[in-house]
Amino acid sequence: MNADTATSGVSERRVLRIAVPSPLRRLFDYRPPTDHSGPINPGCRVRVSFGRREVIGVLVEQIPEALSDCPADKLKPALEVLDTVPVLDPALFSLVSWAAGYYQHPLGDALHQALPVLLRQGQADRFQHQTLWRASSRADLSALPANAHRQQAVLALLIEHPQGISTDALRAEGGDPKLLRTLEAKGMAEAIEQIPRLPHADSQDQVLLEAPLTLNDEQAAVVDRLSDTTGFTSVLMEGVTGSGKTEVYLQAIQQVLERGQQALVLVPEIGLTPQTVARFKARFKVPVLALHSGLTDRQRLDAWLWAREGSARILIGTRSAVFTPLKHPGIIIVDEEHDGSFKQQDGFRYHARDLAVYRAHQLDIPILLGSATPSLESLNNALSGRFEHLRLTRRAGKAQPPRFELLDIRQQALDAGLSTPLLARIRQHLQQGTQVLLFLNRRGFSPALVCHDCGTPVDCTRCDARMTLHRQPPHLHCHHCDRQTPIPMRCAHCGSDQLRPAGSGTERIEDRLQVHFTDTPIHRVDRDSTQRKQALENIMAKVHRGDPCILVGTQMLAKGHHFPKVTLVAILDADAGLFSADFRGMEKTAQLILQVAGRAGRADHPGEVLLQTMQADHPMLNTLVNAGYEPFAREELRLRKGGHLPPFSNHALIRAEANRQGLAENFLLSVREWGQQYLPEQAQCVGPFPALMEKRAGLFRAQLLIQAGARKPLHQALALLVNLMQEHPEARRVRWTLDVDPIDS
Ligand code: ADP
Ligand code: ZN
Ligand code: ZN
């Protein structure tokens, strides 16, 4: 597009259409800045005044003034153009635009979220330069005055560091940085600007640091399939835990590196552990960057820039890494592709796996999705031929698959959730010198504190939920709104002092285990026990020493970790998700069970997995543990198809909340009435209904589900609905959000 500015005639004047980070789903028009000359390209950042604020927007296009909706006398000039070259390359720009449209999210905010924080704030897209000091060619110690000891000391340090030294390093070595200017004035010292360097940045020819393993034929089939093509292919690799999926990723990446390209690896939030990153770094002699939450904004921007200029060769990150710019993209890998953390749950509700597939298609490169328990969406894509489906059915090396057993606890006396046969089995494994892992997805001591006299539980005043009892330190905690209170002495209903814990969380299990196994170390792993820095690493180090011990923990234990000495995994409450109102409850339960089970017997110790259940006859549970994930998933898909549920239909969920009961539901009721006019015929509105937990953090919540067979008409209708909701007279009292392809209901 030809940009012409103030120099042209009035009739040809152009207007900048800018995506501004705001909840409004539209673009805003500005004149070019008054003092600006030269072209401005789409994708460049522009500082504008917006309401009473100044914000950073992104130029989407330029249009002739006559086409602007804004009257000429209302058009304000933009304040400043921040980039000459677009910060987002055209491909990323179109990825984000597509995603904003698909998820019905305002483009300005979507673009913002795709950028590193410092770029959102208007900083330049440049590396942070570090100033180093060194001695100049004219430096001469003997030319300094004999009594200028401090200057001599500084100059001596500069001479010792011919590559240059930072002021901090100089100070650390006893030099006074203030004297650098004095030496500079004398022509003896000079400052040089340097950008931070990546390890291995200049290793060209050799990409390997260690030899790859010899693949088994199943692994080799996946790597070969990927080496057959440099164009778009999507491969779903369904591989049981321990089958060597990571080795396949490494060898697929090796091919890409040898062609001089980059690899983008997406992992779940919980999977970006130092161990994972270490495996990539140990294999390759190329810059490997992990985009983890511990990075400062500055480090994150540098990583982004290294990716964009192509010097970072392997990028490993969680959800938002899908927006990392790549100069020479070669492959995208999504590990644990079924993981829920790939879907953003607030604001811009994109699914990083789905965007990754879109991006691979757009870049015309292969994408490899790996999981032991693929999502039913991906499995359906594989069964219908959209994805290629390759399987790793055996554990790599000598490891044996674990043996499953359903432990029927219907007639059993439980000690705070531990059955007698389970306690006996734990003892047996400890005596043979191995380790035990107990899984319970509930932290705290007990999920409720209940009056023994009248049965009233202690509820959160701001949520329809029980307060969780914690003992370390003693307090009540609402896990939904984070409210914390001291433990009450008396029942608020009847005044009795007989308040007792009901049910077990990880703290209570830990407590009971200490009574039963006095000589065995017990390690609890949950969000509470790992708050302090290094706490998790310390526990892992103890477990990896290999002495008998018991691990008790939540989700945090389920993924990413390898426990070679664990031979017994027990799932204390296998029924927790079986009867959930969410139609995905069964799928999620199965994925979690297999994920936890995968921790057992990874080395040469055969493992066993015990599931404590009241539903030992449950058909799906039996299919899962006796036949495995794929038969289970096929059966589950059959049920979904019968019920016209995703992936056989498309869902969009409108959630609304307000501070008075009924407001949100009324709002959704009127949305539904509109919807009936706009939605395609086959689409159905279900609800509005109060949310499962109607009151949360003081707000009353309701939801309206829209279900449709065809995606395109659904999306057209949603775009209209979103505009109507935005203009709704109640929209000031009701906060609403739209979730396209929700994964939680
Ligand atoms: P997954 O990611 O599927 O759970 P990993 O890639 O972590 O499995 O592999 C499990 C173990 O098997 C690792 O210790 C790995 O080094 C080993 N392994 C993987 N592939 C092979 C192979 N082809 N030959 C021998 N050992 C292998
Ligand atoms: Zn009471
Ligand atoms: Zn609460």
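Ligands are counted one by one from 1 in listed order, and the atoms in each one are counted from 1 as well.
- Here the Zn ion (ligand 3) has protein N, O or S atoms under 2.8 Å from it, and they come to 4.
- With respect to Lys343 and Asp354, no salt bridge is recorded, no charged nitrogen being found less than 4.0 Å from a carboxylate O.
- The existence of a salt bridge linking Lys695 and Asp464 is excluded, since no basic side-chain nitrogen approaches an acidic carboxylate oxygen closer than 4.0 Å.
- Across Leu594, Asn626, Leu624, Leu621, a single residue satisfies side chain to side chain contact (heavy atoms under 4.5 Å, CB included) together with Phe404, and that is Leu594.
- In this structure, Gly242 has a heavy atom closer than 4.0 Å to ligand 1.
- Considering backbone and side-chain atoms together, Leu213 places no N or O closer than 3.5 Å to any N or O of ligand 1.
- Without hydrogens or angle criteria, Glu405 side chain to Val609 main chain gives no donor-acceptor distance under 3.5 Å.
- Partner Ser375 forms a side chain to side chain donor-acceptor pair (under 3.5 Å) with one of Lys588, His338, Arg584, Arg353 and no other, that one being Arg353.
- Ligand 1 places these atoms under 4.0 Å from at least one heavy atom of Leu215: 23 (N).
- The only option from Ile509, Thr506, Leu469 that meets the side chain to side chain contact (heavy atoms under 4.5 Å, CB included) definition with Phe445 turns out to be Leu469.
- Residue Ala396 approaches ligand 1 through these ligand atoms, each under 4.0 Å from one of its heavy atoms: 12 (O), 18 (N), 19 (C), 20 (N), 21 (C), 27 (C).
- Look at Glu388 and Arg225 and you find a salt bridge, because one of the NZ, NE, NH1 or NH2 atoms lies within 4.0 Å of a carboxylate O, short of that distance.
- Using a distance-only test at 3.5 Å, with no hydrogens or angles considered, a donor-acceptor pair links the side chain of Glu218 to the main chain of Thr393.
- Of the candidates Leu392, Thr214, Asn216, the one placing a heavy atom closest to atom 22 (C) of ligand 1 is Thr214.
- For the pair Arg319 and Phe342, the NZ or CZ position fails the cation-pi test of under 6.0 Å to the six-membered ring centre and within 45 degrees of the ring normal.
- When each atom of ligand 1 is checked for a heavy atom of His562 under 4.0 Å away, the hits are 7 (O).
- The heavy atom nearest to atom 6 (O) of ligand 1, out of those in Leu250, Thr246, Thr276, is found in Thr246.
- Between Cys491 atom SG and Cys451 atom SG, the angle centred on the Zn ion (ligand 2) amounts to 110° (nearest 10°).
- Under the 4.0 Å criterion applied to side-chain N and carboxylate O atoms, Arg655 and Asp739 are assigned as salt-bridge partners.
- Ring pair His544/Phe563 is parallel by interplanar angle, where below 30° counts as parallel and above 60° as perpendicular.
- Atom 7 (O) of ligand 1 has its nearest heavy-atom neighbour, among Gln251, Glu247, Arg279, in Arg279.
- Within the 4.0 Å heavy-atom criterion, the part of Gln219 lying near ligand 1 is the side chain and not the backbone.
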